[in-house]
Colleague: 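Structure incoming, see below.
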Amino acid sequence: MQLIENHITTGIPLSPKAKLSARNVDVFYGDKQAIFDVSLDIGVNEVIALIGPSGCGKSTFLRTLNRMNDTIDICKITGEILLDNENIYDPKVDTVPLRARVGMVFQKPNPFPKSIYDNVAYGPRIHGLAQGRVELDEIVEKSLKRAGLWNEVKDRLHAPGTGLSGGQQQRLCIARTIAVDPEVILMDEPCSALDPIATAKIEELIDELREKYTIAIVTHSMQQAARVSQRTAYFHLGQLVEVNPTNQVFTTPQHELTEAYITGRFG
Amino acid sequence: MQLIENHITTGIPLSPKAKLSARNVDVFYGDKQAIFDVSLDIGVNEVIALIGPSGCGKSTFLRTLNRMNDTIDICKITGEILLDNENIYDPKVDTVPLRARVGMVFQKPNPFPKSIYDNVAYGPRIHGLAQGRVELDEIVEKSLKRAGLWNEVKDRLHAPGTGLSGGQQQRLCIARTIAVDPEVILMDEPCSALDPIATAKIEELIDELREKYTIAIVTHSMQQAARVSQRTAYFHLGQLVEVNPTNQVFTTPQHELTEAYITGRFG
Amino acid sequence: MNFSSLIIIVIIVLGGAYFLGRNRARTVSNQGLRMHSLPGHYGALMALWTGVPALILLLTWHLLEGPVIDHLLITQLPAHIQAADPAQIQLAISKVYNLAAGTGLAPDPSLMPAVEHLAALNERTLILNSGIALSLCLICCAVTYRRIKPALRARTEMETIVNLLLLSSSGIAVLTTVGILASVAFEAWMFFQQVNPLDFLFGTTWSPQVALRADQSGSSGSFGAVPLFAGTLLISFIAMIIAIPVGLMAAIYLSEYASSNVRQYAKPALEVLAGIPTVVYGFFAALTVAPFIRVLGTDLGFDVSSESALAAGLVMGVMIIPFVSSLSDDVINAVPQSLRDGSYGLGATKNETIRQVVIPAALPGIVGAVMLAVSRAIGETMIVAMAAGLAANLTANPLDSVTTVTVQIVTLLVGDQEFDSPKTLAAFALGLVLFLSTLVLNFIALKIVQKYREQYD
Amino acid sequence: QRDHISIVGSSTVYPFSTVVAERFGKSTKFATPKVESTGSGGGLKLFCSGVGSATPDITNASRAIKSSEIELCAKNGIKDIIEITVGYDGIVLANTTDAKQFSLSRRDIFLALAKNIPNPDGSETLVDNPYKTWNQVNSTLPAIEIEVLGPPPTSGTRDAFAELALEGGCKTFPFIKAMKKQDKKKYKAVCHAVREDGAYVEAGENDNLIVQKLVANPTALGVFGYSFLEQNSDKVQGSVIDGKLPTFDAIASGDYPVSRSLYFYVKKAHIGVIPGIKEYLAEFTSEKAMGEYGYLAEKGMIPMTAKERATVLSTVKNLTPLTKK
Amino acid sequence: MTTTTLTTREKVEKSLARRRAAETRFRLYGMASVFFGMLCLVVLFTDIASKGVSVFQQTSLTTDILLDSRYLNLNKGSKVEEVRFANFEGLIKRHFAKSLQPKSRSEKRELFKLISPGAAWQLQELLLANPDALDTTISIELLMDDDVDQWFKHDRDLTKDEINNRLSEQQLTWLNQWIAEERLDSHFNTLFFTNGDSREPELAGIHGAIKGTLLTLMVTLLLSFPIGVAAAIYLEEFAPRNRMTEIVEININNLAAVPSIIFGLLGMAIFINIFGVSRSTPLLGGLVLTLMTLPTIIISARAAIKAVPPSIREAAYGLGASKNQVVFHHVLPLAMPGMLTGTILGMAQALGETAPLLMIGMVAFVVDVPGFINDPSTVLPVQIFLWSDSPERAFLERTSGAILVLLSFLILMNATAVILRRRLERRW
Ligand SMILES: Nc1ncnc2c1ncn2[C@@H]1O[C@H](COP(=O)(O)OP(=O)(O)OP(=O)(O)O)[C@@H](O)[C@H]1O
Ligand SMILES: Nc1ncnc2c1ncn2[C@@H]1O[C@H](COP(=O)(O)OP(=O)(O)OP(=O)(O)O)[C@@H](O)[C@H]1O
Ligand SMILES: [Mg+2]
Ligand SMILES: [Mg+2]
Ligand SMILES: O=P([O-])([O-])[O-]
């Protein structure tokens with residue numbers, strides 16, 4: 001596995017109806033470069049799947065899309081990310097509405113050490129999305145239901161979110177994110193800790209959300225990618241190797257690296 | 001989904017060559033019961049897969065097997081767990097050698113805030129498994145190689161383990177566990193954050209380990225369960241519903257709940 | 001060879017024992033036996049067994065040595081002194097010591113036998129002392145050495161000893177409490193013999209001028225502690241109004257906003273505030289802040305006394321800022337980054353994240369820091385004495401002069417004491433009551449923390 | 001066990017005791033004595049706690065030992081105590097040099113600072129002190145608010161001030177003076193009680209602080225020892241009391257009314273046990289220390305008259321112990 | 001429902017102005033707080049420094065003086081003892097009486113007052129160091145009295161009426177004459193750093209107090225840090241969670257609020273009366289300050305231990321680490337920065353404390369520099385306290401000077417801990 005010299009992304013990384021566009025993005029952790037010159041569009045109402053071997057930079061790239069990398073001191077980014085044609089790395093841009101518009105589900109579930117209710121209500125509260133208690137209760141219930149967690153927690157909404165099982169925590173984090181009703185949702189392996197049924201539910205949710213929103217999802221499951229996404233982007237060692245319609249990627253990958261990965265011929 | 005009254009586990013929960021046996025185990029978190037009267041044997045050189053919907057108690061059960069639940073204040077356990085016919089909940093039992101013999105990979109990767117090297121070397125160091133630096137280096141390298149992480153980290157062994165990607169952290173935790181060379185390995189969704197290739201590597205590792213050790217693995221991927229395990233145990237709402245040889249569980253489940261889960265007819 | 005060099009020798013031996021034990025364990029395990037613990041554990045166990053008993057013995061001996069030698073000396077004193085009262089004997093012994101040390105006293109022939117005996121004793125006890133200590137070392141060492149077998153649970157045993165040491169450390173804290181209660185209880189009891197506890201607890205005039213019979217007109221020796229406690233509350237309150245917001249905001253700023261460079265220097269710089277001697281603060285409060293407040297207040301039409309609770313409280317607040325800021329900064333810093341990420345990811349602003357996620361997660365530590373600061377404020381004397389005066393006014397007006405319990409304790413104890421009058425005994429009663437009232441305060445704080453604690457991760 | 005003299009006691013005597021100790025250490029073969037400042041009462045308590053090298057040999061006091069303290073000493077085996085008077089300390093009432101110098105009588109001081117004073121209407125009853133300004137006390141005094149910074153009730157200086165200044169003024173009322181015979185306690189209560197309504201500010205024991213506070217507050221008067229007046233004569237001025245300025249000579253001659261004696265007490269039994277005590281006494285009472293032009297006088301202590309000094313010298317020479325009062 | 005998207009965005013936008021303002025305000029509060037703290041520090045520091053710098057200069061008079069063996073009654077072979085007791089003071093007086101010819105007895109006294117008693121001691125030192133100087137005329141910078149020193153450093157340019165009238169007309173004439181001859185000048189004050197306490201301001205130094213502080217704090221640190229950390233570890237990690245532990249916990253928190261002087265009483269009762277530790281020694285002071293600082297260290301150490309996330313403990317337990325190993329390998333290192341903070345604060349408090357020391361005899365006049373922990377000594381804050389209450393004006397600047405030294409001491413002490421803390425700190 002080595003870096004491809006003078007690499008140009010194979011396939012169709014750009015989209016005519018781009019909601020989010022990355023342009024020549026490089027990301028560095030200290031001296032170490034984690035993303036190399038990635039340009040990619042995510043279209044409106046599109047679900048794009050990011051796949052690639054562990055450590056290839058999927059999470060890093062995803063985090064550039066709502067400036068979550070800002071919180072890592074040693075992380076430096078060059079290039080542009082445009083949301084509705086506005087560069088989000090413009091110094092004038094406020095990360096608050098940005099992140100409210102571009103929500104994120106993290107790879108490791110990170111519930112707040114608060115009650116389940118407060119975990120979900122947190123976003124709507126800070127953004128003032130609910131007028132009063134009743135509306136807030138509604139938002140919380142709806143979000144938990146959509147994340148498939150409602151039945152399991154409805155009679156312990158005030159128990160701490162940290163006392164949930166791994167999969168429950170993950171769904172709690174999904175519920176927390178959709179409660180803010182973002183335009184773009186970035187999901188970093190949202191189903192990794194979920195059983196098939198819960199996974200199906202989340203996939204259903206993604207399908208449903210797609211009608212209104214734009215979604216980028218990191219996944220290791222090609223089946224999942226195949227089920228939920230329209231396009232798939234394959235990352236390799238920090239480079240974006242290929243972007244193509246999902247069925248094409250999984251049936252006739254253009255790049256040899258993609259093919260090798262899809263067919264499991266690595267290592 | 002409700003609790004089955006007067007439930008008796010279907011299938012063959014016991015094993016003639018038991019390494020670990022659980023007998024009538026109940027687990028409570030405060031007032032809430034999470035495991036109901038589970039009895040299950042794990043045989044020598046066997047890989048057993050624990051499956052079931054999220055929140056059904058897989059992790060909780062797994063943690064009873066090496067007394068990891070001791071660290072949660074509100075967690076109370078009744079019943080017996082026998083390791084080589086010795087009750088590990090006997091007050092005389094020292095948890096130190098117990099946990100050295102029964103290693104664990106946690107659901108959420110939890111590397112120490114130390115270097116990658118020290119993360120892996122920690123176990124061998126405290127148990128005195130290496131005489132001198134050279135031997136320790138060997139153990140670290142071998143463990144990282146077996147966990148499929150060596151290539152990615154070999155030139156930054158002294159970088160902090162917390163600066164790895166999600167999947168890398170997970171493999172680091174696996175490497176850390178096998179470095180102690182335990183007799184029984186408990187793995188809580190060890191591949192959840194791994195790409196197919198890394199997953200294949202870990203499955204290979206499990207196969208290899210099985211020759212000498214006993215393994216219990218929690219997984220949400222039935223394919224994975226089918227690939228690596230000899231028997232599969234299906235949990236439901238804290239109860240052990242069915243235990244049977246893996247191929248049987250996935251082809252002809254005996255219990256209707258199992259069948260419903262396998263065929264994805266829940267929810 | 002004296003006491004301290006003996007201790008150093010024991011420590012050296014202890015170090016040797018460690019290597020000895022470790023090597024022994026290695027040898028045993030090289031014979032192919034599986035050891036229960038690591039060689040290092042056996043070494044540490046050896047070291048503990050070798051050092052701890054000997055050190056305990058040495059310390060005990062050191063404490064008892066004086067009385068024992070004195071006792072032995074008495075027999076060598078001239079008969080007429082031996083027959084005299086204890087005070088005489090005590091004096092004679094002191095003299096013997098000084099004669100033996102050759103500090104220029106006129107020699108006293110009748111004491112010469114004792115002086116010579118002392119020299120002999122000193123020599124002998126030293127030999128005895130080092131002999132016993134070192135042989136104890138060696139014996140323990142040898143016994144442990146022989147016990148090193150694969151079955152010896154060295155780690156467990158070592159950990160038990162370590163746990164005992166840990167336990168006895170917290171025992172010291174408990175003993176301190178007992179000691180404090182014991183050292184104030186007797187005098188406090190004496191005080192309550194003379195002054196009705198109810199008058200003390202609920203009386204509203206504090207005037208420890210000459211104590212007088214109650215039935216006299218013009219009597220002003222009254223011991224009503226209410227104004228003192230009110231003053232303490234007032235001043236601590238003012239101090240906390242400064243210290244909590246400033247300290248907490250500084251902690252937040254340093255750990256969440258400031259660049260690591262700023263934090264690196266600002267935090268220790270603030271910590272210097274805690275170490276400036278209180279006399280300095282006292283002068284500053286009395287000569288700079290108090291006149292300033294007075295001028296300002298008078299201009300604004302308030303009646304400000306030249307000593308004011310405000311001046312003392314403000315300066316005290318500055319002094320305890322680092323207690324809040326540094327300790328809070330540490331616990332805030334310990335909150336996992338993933339929690340912050342979770343909040344930022346939802347579009348929270350930094351201050352929302354801090355206020356709603358980080359602070360609640362760090363709450364126990366912050367409350368601890370604040371309690372420590374309050375404690376420091378309650379225990380502070382010099383600033384109050386210099387800037388707020390010593391007059392016990394019962395008032396809630398921060399522009400008035402007030403005094404605090406601690407200040408009264410100190411002035412009563414360092415002023416012209418009268419060992420048997422309530423004037424001095426009152427200090428002990430105040431100490432006792434203060435102790436009990438802060439106990440209640442701490443109890444409440446603990447309950448609050450337990451209730452609101454948010455365990456992360 | 002110790003080879004140096006241990007001295008405890010009054011903070012007022014401390015500056016003098018330490019000069020002697022230092023010179024003694026430099027000019028003899030003995031170790032420099034250790035001098036602690038514990039306050040007179042605290043010092044006597046330690047002093048009387050027993051004999052032997054664990055207890056102090058000497059205690060300084062800015063007042064005479066009380067009979068209860070002598071008893072305590074006796075109870076603990078200390079029979080012979082040698083009392084040595086070392087000199088005088090003037091207590092001054094001063095204000096900043098920026099303001100007008102005060103001239104007061106002791107009666108004025110009493111009327112201004114006592115808690116209860118004779119009814120201004122002339123009847124022989126006591127009323128709470130009603131005066132707010134100095135000119136209410138005495139029309140010749142300026143019309144400024146009464147504000148006196150002084151030591152707290154726990155201080156020896158305060159006791160002395162009450163005894164010498166307040167009681168001095170108090171006695172000038174015949175009906176109170178008559179009380180002394182009938183009810184001594186009540187008499188003391190009336191004459192020694194200082195008002196607590198804010199006119200008298202208890203300002204702590206640090207005299208430098210009082211001096212500096214006076215500079216900051218031109219209408220206030222302060223009560224402190226003569227040595228501080230002398231050292232800060234550019235900043236503060238002593239008030240005239242009963243027609244006398246607090247000058248060195250006026251205090252030494254006894255003309256200035258508010259001055260007290262300073263003492264120290266020695267355990268006779270320790271002489272010959274702890275090396276150097278006798279020599280220390282000799283140094284302290286020598287002409288070059290305690291004399292009219294001695295170094296103690298330079299440090300602000302007011303020397304005794306030659307006759308008084310002779311008595312002290314003979315006490316030291318014969319080591320005459322205190323006889324029970 | 002199609003409007004939801006819009007409204008959410010609108011709602012967020014609507015809330016923005018308020019939140020941004022809140023954010024700015026919050027940040028400003030933070031900045032202002034840090035700034036306020038720093039400002040206080042700077043104000044205090046400049047205040048002290050402006051009063052204290054002059055202590056580093058000391059006025060002296062350059063004089064040629066004959067070490068007359070006849071007058072001193074010494075010869076080349078004289079023993080140290082004899083030199084010690086020789087009348088150097090008389091020699092100096094004679095020298096000045098001869099050169100300036102004071103007219104009357106009182107003028108003579110005035111003249112001698114200008115020279116410090118330390119001058120004689122200077123000559124004595126010189127002769128002890130160099131016995132050959134006997135009977136030669138040497139040039140030496142004689143120490144001047146504190147009044148002269150103060151006048152020279154602060155009031156030299158003022159008229160007679162403006163200055164503290166402790167110097168007479170005649171004395172000022174002499175001094176001005178010396179200045180004109182360029183003999184009277186000020187030099188760096190080494191004595192301040194090499195001498196113990198003295199009642200003569202020009203001789204008073206802080207060596208003894210620094211040494212005493214070092215020894216006392218050494219005892220305090222060696223005892224309170226390990227004991228405090230150990231107690232915290234026990235209570236947080238090992239003690240069973242029950243009523244008893246709760247009581248102990250409350251108790252320790254409560255100890256922090258006990259006025260420090262009570263610890264002095266306790267020390268007197270326990271260490272002096274029961275264990276027979278001698279008064280006024282660094283050992284005793286260290287013991288008492290240990291008891292006083294323990295609660296601070298324990299409380300902060302516990303807070304730091306609490307802040308370590310459970311997942312790290314779990315990871316270690318899962319590998320078969322024993323409880324002790326989990327604590328000593330993982331929890332302790334991660335909690336160490338917080339523990340060090342507590343220690344810094346505790347030691348700072350110990351460094352600034354006088355009240356408890358009063359009870360155990362450390363508020364004392366000790367001239368000799370202590371050698372070890374069982375010699376009588378004072379500490380810096382006590383020295384400051386004592387000097388601040390001394391009548392002589394020259395002690396004012398000495399007080400500030402000593403405070404400056406104490407602060408440097410504090411900064412040095414903190415710096416060590418801060419460096420340690422920085423190396424140990426990490427986020428997870
Ligand atoms: N620390 C805890 N405190 C209280 N309840 C808990 C705690 N941990 C788990 N539970 C509850 O116990 C039940 C079983 O949890 P467990 O973690 O064993 O589920 P799981 O089968 O591992 O699920 P998943 O696949 O989502 O990880 C769940 O309902 C969960 O909410
Ligand atoms: N905080 C960090 N500091 C330093 N290096 C980092 C940090 N986070 C990630 N990296 C490195 O950057 C590279 C990309 O990491 P990233 O987390 O984006 O991988 P990923 O594609 O999400 O992998 P996974 O599927 O395992 O989650 C990896 O080599 C990783 O080690
Ligand atoms: Mg990732
Ligand atoms: Mg789980
Ligand atoms: O210390 P004094 O007793 O002299 O006030």
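Source: prediction; values computed, not measured. In what follows, every chain begins at residue 1, and chains take the letters A, B, ... in the order their sequences are listed.
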Colleague: Would you give the length of the straight line joining atom NE2 of H330(E) to atom OH of Y122(B), rounded to the nearest 0.5 angstrom?
Modeller: 3.0 Å
Colleague: List the residues meeting salt bridge (charged side-chain N to carboxylate O under 4.0 Å, His left out) with R243(E), not counting sequence neighbours, and say none if there are none.
Modeller: none
Colleague: When you look at CG of D31(B), are more than 12 heavy atoms from neighbouring residues, nucleotides or ligands closer to it than 6.0 Å?
Modeller: no
Colleague: Decide yes or no for L334(E) and P113(B): does some side-chain heavy atom of the first lie under 4.5 Å from some side-chain heavy atom of the second?
Modeller: yes
Colleague: What residues of residues 313-323 of chain E sit under 4.5 Å from chain B when only non-hydrogen atoms are counted?
Modeller: E314(E), A315(E), A316(E), Y317(E), G318(E), L319(E), G320(E), A321(E), S322(E)
Colleague: Quick one: salt bridge (charged side-chain N to carboxylate O under 4.0 Å, His left out) partners of R210(B), sequence neighbours excluded?
Modeller: none
Colleague: Could you pull out the closest heavy-atom pair between S311(E) and N110(B), with the gap in Å?
Modeller: O-ND2, 3.2 Å
Colleague: Tell me if the CD atom of E86(B) is crowded by more than 12 foreign heavy atoms within 6.0 Å.
Modeller: no
Colleague: Give me each pair satisfying salt bridge (charged side-chain N to carboxylate O under 4.0 Å, His left out) with a member in residues 73-82 of chain B, each pair once, sequence neighbours excluded.
Modeller: none
Colleague: Between M68(B), R67(B), R99(B), which shows the greatest number of heavy-atom pairs under 4.5 Å with chain E?
Modeller: R99(B)
Colleague: May I ask you to check whether over 12 heavy atoms, not counting those of F35(E), lie within 6.0 Å of atom CZ?
Modeller: no
